[in-house]
Amino acid sequence: MGMARQDRLVAAMLALAVCLLLPVAARAQLRVGFYDTTCPNAEALVRQAVAAAFAKDAGIAAGLIRLHFHDCFVRGCDGSVLLSVNPGGGQTERDAAPNNPSLRGFDVIDAAKAAVESSCPGTVSCADIVAFAARDSIGLTGSVSYQVPAGRRDGRVSNASDTIDLPPPTSTAKNLTDLFAAKNLSVEDMVVLSGAHTVGRSFCNSFVKRVWNQSATPPAAIVDAGLSASYAALLRALCPSNTTQTTPITTAMDPGTPNVLDNNYYKLLPRGMGLFFSDNQLRVDTQMAALVAAFAANETLWKEKFAAAMVKMGRIQVQTGTCGEVRLNCSVVNPTSSAATIELLGSSAPAADEDGNGIAAS
Ligand code: HEM
Ligand SMILES: *[C@@H]1O[C@H](CO)[C@@H](O)[C@H](O)[C@H]1NC(C)=O
Ligand SMILES: *[C@@H]1O[C@H](CO)[C@@H](O)[C@H](O)[C@H]1NC(C)=O
Ligand SMILES: *[C@@H]1O[C@H](CO)[C@@H](O)[C@H](O)[C@H]1NC(C)=O
Ligand SMILES: *[C@@H]1O[C@H](CO)[C@@H](O)[C@H](O)[C@H]1NC(C)=O
Ligand SMILES: *[C@@H]1O[C@H](CO)[C@@H](O)[C@H](O)[C@H]1NC(C)=O
Ligand SMILES: *[C@@H]1O[C@H](CO)[C@@H](O)[C@H](O)[C@H]1NC(C)=O
Ligand SMILES: *[C@@H]1O[C@H](CO)[C@@H](O)[C@H](O)[C@H]1NC(C)=O
C-alpha cells in the first residue's frame, strides 16, 4: 500500500515477467475445490446459470462446450475468448472468423459471473467459469460428471490473429494431429474430443464447399469424398450456393439427437454423415479410424475418455497464482491500476484504488 503508481506498475510488470519465466513445476497447480473456502457456492451458482439458459435453449450447452475449447486453444484457458475489446487495439479473438458469428454462450457466462460477483466479489475468474459451464453442459446433455480442477487466472490479451491455433473444418488428418500436438494433446485426445460434435450446430459456410462448387458458373452440385449422396442433397437443399460467412442458416451436426451427448458422432462418420471435411478425415487415417470404431462400439468407454480429455484440455497453458488477474467483467480486462494492485497484493480486491486515479487510498 501507499506505493507510487510508477512503483506499482514496475512491480506488476516484474510479477508478469516472473510468471512467464517460472518453470511449469514451480507454478501453482490447478486444484479441485479451489473456491471451497473463498467462494463455496461458486460452482453451484454457475450450474444454476447454465441450467436456466439450457431450459430456454438446449443448444446453449453445445455453445458452452465449444467456448471452453476455443478459450483453451488460443493463449491457454485464460478467458481471452470472452474479451470484446483488444486492449492493444485491433480485432479480438471473439471477432475472428472461427468465432464470429458462430460462437455462443457469452451471455450465460456473463449471467454466471454476475451471480458469483454478487456472492463473492472479485474472486472467481472468468476462465474458471467457462470451464465449470462446459462441465455442467456435458452433465446436462450427457449425464457425464467430472470434477474441474480450478484456479485459472484471466489473461489480458486477445488478438484475432492468435485464432490461427484453432483447427479449421478444412483440416487434414495431419493438420489435426499437428494442431492438437501443439497443445500437448495426442491423436487419441483429438479423436475423443471430436465426439463433442454429437451436440450442436454449424453454419452453412463451414461445409458448403463439400456440396457446392462455388467457383463454377453457375455453381455446380458436387459430393465431397466420404460424404453420402443423400446427405449431400439434404445439405444442398438447406444451404444456398451463394453461402458466405454471414449466411444465417445452420444445421445440427447430429441430426437425430442434436442435444444429447451420445456416441452418435462415431456412428455417423462411417455412414458418410460427418459434416465437415475434417470430421471425415478421422476415417481416412487408420489410427484414427480404429479409435472411431472403438468409440462407436462402446459409449461408456468414450464418455470416460471424454471427461478425462476435457480435464486435460482445461489445463492448457493456464495462468495461476499471482499471474494474470481475476477479471471483474468478463468482456473487458481490469483497469491497469487495479490490475497492478491485484498482482501486488496477490488478492482480487481492487478496493485500494476505487476511483481509478492510480493512487491508493491508504
Ligand atoms: C478436431 C478439430 C475440430 C474442428 C475442425 C472443429 C470445427 C468445428 C466447426 C467448423 C464447427 C461449426 C462452426 C460453425 O457454426 O460454422 C464446430 C462446432 C462445434 N464444435 Fe468443433 N471442431 C473441432 C474440435 C472440437 C472440440 C475439441 C470440441 C470440444 C471439446 C468441439 C466442440 C464443438 C461443438 C460443441 C460445436 C457446436 C457449437 C454450437 O452448437 O454452438 N469441437 N466445430
Ligand atoms: C496481434 O498479433 C499480430 C501477429 O502476432 C501482431 O502483429 C499484432 O501486433 C498483434 N496486435 C495486437 C494489438 O496485439
Ligand atoms: C495443413 O497442412 C497443409 C499441408 O501440409 C499445410 O499447407 C496447411 O498450412 C495446414 N493447415 C493448417 C491449418 O495447419
Ligand atoms: C507442452 O509440453 C512441453 C514440455 O512439458 C512444454 O514446454 C510446453 O509449454 C507445453 N505446451 C503447451 C501448449 O502446454
Ligand atoms: C469447380 O469448378 C471449376 C470451374 O468449372 C473447376 O475448374 C473445378 O475443378 C471444380 N472443382 C471441383 C471440386 O469440382
Ligand atoms: C443468394 O441466392 C438466393 C437464391 O438462391 C438469392 O435469393 C439471394 O439474394 C442470393 N444472395 C446473395 C447475397 O447473392
Ligand atoms: C466398454 O468400456 C467400459 C469402460 O472402459 C468397459 O468397462 C466395458 O467392459 C466395455 N464394454 C465392452 C462390451 O467392451
Ligand atoms: C461489461 O463490459 C461490457 C463492455 O464494456 C459492458 O457492455 C457491460 O455492460 C459490462 N457489464 C457489467 C456487468 O458491468
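Predicted, not measured: the structure shown is a model, and the values here were computed from it. For ligands, and for the atoms within them, numbers begin at 1 and follow the listed sequence.
- In N86, the part holding a heavy atom less than 4.0 Å from any atom of ligand 2 is the side chain.
- Inclusion of T300 in the set of residues having an N or O under 3.5 Å from an N or O of ligand 7 is not warranted.
- A salt bridge is defined here as a Lys NZ or Arg NE, NH1 or NH2 lying under 4.0 Å from an Asp or Glu carboxylate O, and K305 with E188 meets this definition.
- Relative ring orientation between F132 and Y35 is described as perpendicular, the plane-to-plane angle rising above 60° on a 0-90° scale split at 30° and 60°.
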- Test salt bridge (charged side-chain N to carboxylate O under 4.0 Å, His left out) on R135 and E43 and set out the steps. CA-CA 10 Å; R135 182 267 312 272; E43 296 192 39; 2.7 Å; yes
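- Per-residue contacts place L301 under 4.0 angstrom from the following atoms of ligand 7 (heavy atoms of the residue considered): 2 (O), 5 (O).
- For the pair N159 and ligand 2, the shortest N or O to N or O distance falls below 3.5 Å.
- For the pair Y266 (side chain) and V191 (backbone), a donor-acceptor distance under 3.5 Å is present.
- Every atom of ligand 7 with a heavy atom of E304 under 4.0 Å away is listed here by number and element: 4 (C), 5 (O).
- Annotation: atom 5 (O) of ligand 2 to nearest protein heavy atom, S161 OG, 4.2 Å.
- For atom 9 (O) of ligand 2, no protein non-hydrogen atom is found at a distance below 4.0 Å.
- When only non-hydrogen protein atoms are considered, atom 14 (O) of ligand 7 lies nearest to N298 ND2, 3.6 Å.
- At a distance under 4.0 Å, a protein heavy atom can be found next to atom 3 (C) of ligand 3.
- F106 carries R94 over the face of its six-membered ring, with the cationic atom under 6.0 Å from the centre and within 45° of the normal.
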- Message: Using salt bridge (charged side-chain N to carboxylate O under 4.0 Å, His left out), reason through R152 and D78 one step at a time and then give a plain yes or no.
- Response: CA-CA 7 Å; R152 296 168 190 79; D78 70 340; over 6 Å; no
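- Close contacts of ligand 2 with G89, meaning ligand atoms under 4.0 Å from a residue heavy atom, involve 13 (C).
- Heavy-atom contacts of G88 reach the following atoms of ligand 2: 13 (C) (cutoff under 4.0 Å).
- The nearest heavy-atom contact from the protein to atom 1 (C) of ligand 3 is N175 ND2, 1.7 Å.
- In this structure, D189 does not pair ionically with K183, as no charged nitrogen and carboxylate oxygen lie closer than 4.0 Å.
- Side-chain N or O atoms of T243 include none that pairs as donor or acceptor with a backbone N or O of C239 at under 3.5 Å.
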